[in-house]
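One structure is given below, encoded as structure tokens.
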Amino acid sequence: MRHAHAVTAEEDPARPLSPRGREDTRRIADYFRACGGIAPAQIWHSPLMRSRETTLLLTAALGLDPVLVETPGLLPEDDPADTAHRLAEHPTTHDLMLVGHEPHLSALATLLARGKSSPVIFNLRKGAVIALERGDRVHGKNGLPRWRLRWHFSPELLPTTPSA
């Protein structure tokens, strides 16, 4: 998941979530609750405030209690290969969620699906969520597990009011 909308650095250098970002995260949680949702055993999030706030708001709204891990390597300009190698070592028996930033997340998703991080094939808008599933095959050039897209959506695709 890409963090939700944040205030500008001019408004607050720490860049917490904006009211829009908090509302988008609540709408995402409402959607997950309505469709059977998500239940990751762990959530890795970047150390930046907007990522941590998105994580905390989402887990509280869903009533989840996963292990939250402030994780290096999820910053905007970090090398997606480092995260891909960490994911390759993570057990497949536990769902894992990452909450981070662009352009890192789109490059990471592309690397997992294609075996190379560019050109990117995904566009993660603020608050977007993408679900990838690790397959049994590996990429020929880098030996990393090959992942498949399960689904991908952005908050603007969700209804603005809960449906009855």
For a quick test of reading the model, state the closest non-hydrogen atom pair linking [X] to [Y] and the distance between them.
X	Y	result
E156	R125	OE2-NE, 2.6 Å
P76	L48	CD-CD1, 4.4 Å
S51	V99	OG-O, 2.8 Å
A84	L144	CB-CD1, 3.8 Å
P155	I28	CG-CD1, 3.9 Å
A29	L62	O-CD2, 3.3 Å

Any sub-3.5 Å donor-acceptor pair from [X]'s side-chain atoms to [Y]'s backbone N or O?
X	Y	result
H45	M97	no
S46	L74	no
R134	L87	yes
R50	A4	no

According to salt bridge (charged side-chain N to carboxylate O under 4.0 Å, His left out), who are the partners of [X], at least two apart in sequence or on a separate chain?
X	value
R146	none
R26	E23
R33	D30

A side-chain contact here means heavy atoms from C-beta on lying under 4.5 Å apart; do [X] and [Y] qualify?
X	Y	result
I38	D95	no
V7	S18	yes
P145	H139	no
W147	L108	no
E11	P16	no
H104	L75	no
L56	L68	yes
E53	L57	no

Report yes or no: do [X] and [Y] belong to one cluster of Ile/Leu/Val/Met/Phe/Trp/Tyr joined by side chain heavy-atom distances under 4.5 Å?
X	Y	answer
L132	I121	yes
L111	V120	no
L98	V69	yes
V129	L96	no
L105	F153	no

Q | Full working for side-chain contact (heavy atoms from CB on, under 4.5 Å) between M1 and L58 | A | CA-CA 11 Å; M1 177 176 190; L58 185 68; 3.9 Å; yes

Q: Return the set of residues passing side-chain contact (heavy atoms from CB on, under 4.5 Å) with H94 (not counting sequence neighbours), or none when no residue passes.
A: A41, H90, P91

**Q.** Partners meeting side-chain contact (heavy atoms from CB on, under 4.5 Å) with H152 (sequence neighbours left out)
**A.**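 So H152 forms a side-chain contact (heavy atoms from CB on, under 4.5 Å) with F122, L124, A128, I130, L149.
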
Q: Look at the aromatic rings of H101 and H3 and report parallel, tilted or perpendicular, splitting at 30° and 60°.
A: tilted

Q | With sequence neighbours excluded, residues passing ring pair (Phe, Tyr, Trp, His ring centres under 6.0 Å) with H85 | A | none

Q: Determine whether more than 12 heavy atoms belonging to other residues, nucleotides or ligands lie under 6.0 Å from atom CZ of F32.
A: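 Atom CZ in F32 is packed in, count exceeds 12.
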
